[in-house]
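Side chains included, hydrogens not; waters and symmetry mates left out as well; all remaining heavy atoms used.
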Amino acid sequence: VQLQAFGGGLVQAGGSLRLSCVVSGRTFSGYSMGWFRQSPGKERAFVAAIPWSGANTYYAGSVKGRFTISRDNAKNTVYLQMNSLKPEDTAVYSCAASFRIIATVPSDYEYWGQGTLVTVSS
């Protein structure tokens, strides 16, 4: 299974970005998907997760109300819409796939993408 995340870039505070993560190599079916981020000197942190059904979504408190995770199973793609971005959102964002119905910790994910850098300027 390969995951490729893209859509990162430089944006001013208050702006928006949409990240995409395409899964290939195996059926997308049944995986829950998550987004994590890591800033220099910090541990990888949970951002958002969505089960295979897409029926529920889960967010870290720091992004709730600003970020939206969604998925298109027909396109094997999960998205992270990021609005009202803040400088503290600057990080490398990675997508991950899990066999679990839903997962919010890195150790519960089996497959990882390479990450895409998001930089928010003040």
*Assess Arg71 against Tyr79: is NZ or CZ under 6.0 Å from the centre of the six-membered ring, and within 45 degrees of the ring's axis?*
no
_Any heavy-atom pair between the side chains of Val118 and Leu17 that's under 4.5 Å?_
yes
*More than 12 heavy atoms of other groups within 6.0 Å of Ile101 CD1*: no
*Would you mind listing every salt bridge (charged side-chain N to carboxylate O under 4.0 Å, His left out) that reaches into residues 31-57, with sequence neighbours excluded?*
Arg37-Asp89
_SG on Cys95 to CG on Leu19, rounded to 0.5 Å_ = 9.0 Å
*Test Phe67 against every option in Leu80, Thr57, Asn83 by the side-chain contact (heavy atoms from CB on, under 4.5 Å) rule and name the one that passes.*
Leu80
*Taking the side chain as C-beta and beyond, is there a heavy-atom pair between Ser94 and Trp112 under 4.5 Å?*
yes
*Are any non-hydrogen side-chain atoms of Trp35 and Val78 less than 4.5 angstrom apart?*
yes
*asked:* Other members of the hydrophobic cluster containing Val22, with the 4.5 Å side-chain heavy-atom rule, please.
replied: Phe6
_Trp52 and Tyr31, any side-chain heavy atoms less than 4.5 Å apart_ = no
*Are any of the side-chain heavy atoms of Arg66 and Gln81 separated by less than 4.5 Å?*
no
*Hey, what do you get for OG (Ser16) to CE (Met82), rounding to the nearest 0.5 Å?*
8.5 Å
*If you measure from CZ on Phe99 to CG on Asp108, what distance do you get to the nearest 0.5 Å?*
12.5 Å
*Can you tell me if Thr116 uses its side chain to pair, donor with acceptor, with the backbone of Gly8 under 3.5 Å?*
yes
_Spacing of CD1 belonging to Ile50 relative to CE belonging to Met33, to within rounding of 0.5 Å_ = 10.0 Å
*With rounding to the nearest 0.5 Å, note down the distance linking NZ in Lys75 to CG in Asn73.*
12.0 Å
*Hey, are the side chains of Tyr58 and Ile69 touching, using non-hydrogen atoms and a 4.5 Å cut-off?*
no
*Return yes if some donor-acceptor pair links the side-chain N/O of Gln114 with the main-chain N/O of Ala5 below 3.5 Å, else return no.*
yes
*Please report the C-alpha distance between Tyr59 and Thr68 in whole Å, then the side-chain angles of each, then the deciding distance to 0.1 Å, and finally whether the side chain to side chain contact (heavy atoms under 4.5 Å, CB included) criterion is met.*
CA-CA 8 Å; Tyr59 299 94; Thr68 302; 3.8 Å; yes
*Counting only N and O atoms by type, is there a donor-acceptor contact under 3.5 Å from the side chain of Thr90 to the main-chain atoms of Glu88?*
no
*Can you tell if the side chain of Tyr111 reaches within under 4.5 Å of the side chain of Ser98, non-hydrogen atoms only?*
no
*Do the ring planes of Phe46 and Phe36 sit parallel (below 30°), tilted (30 to 60°) or perpendicular (above 60°)?*
perpendicular
*If every non-hydrogen atom of Ser32 is compared with every non-hydrogen atom of Pro51, which pair is closest and at what distance?*
CB-CA, 3.9 Å
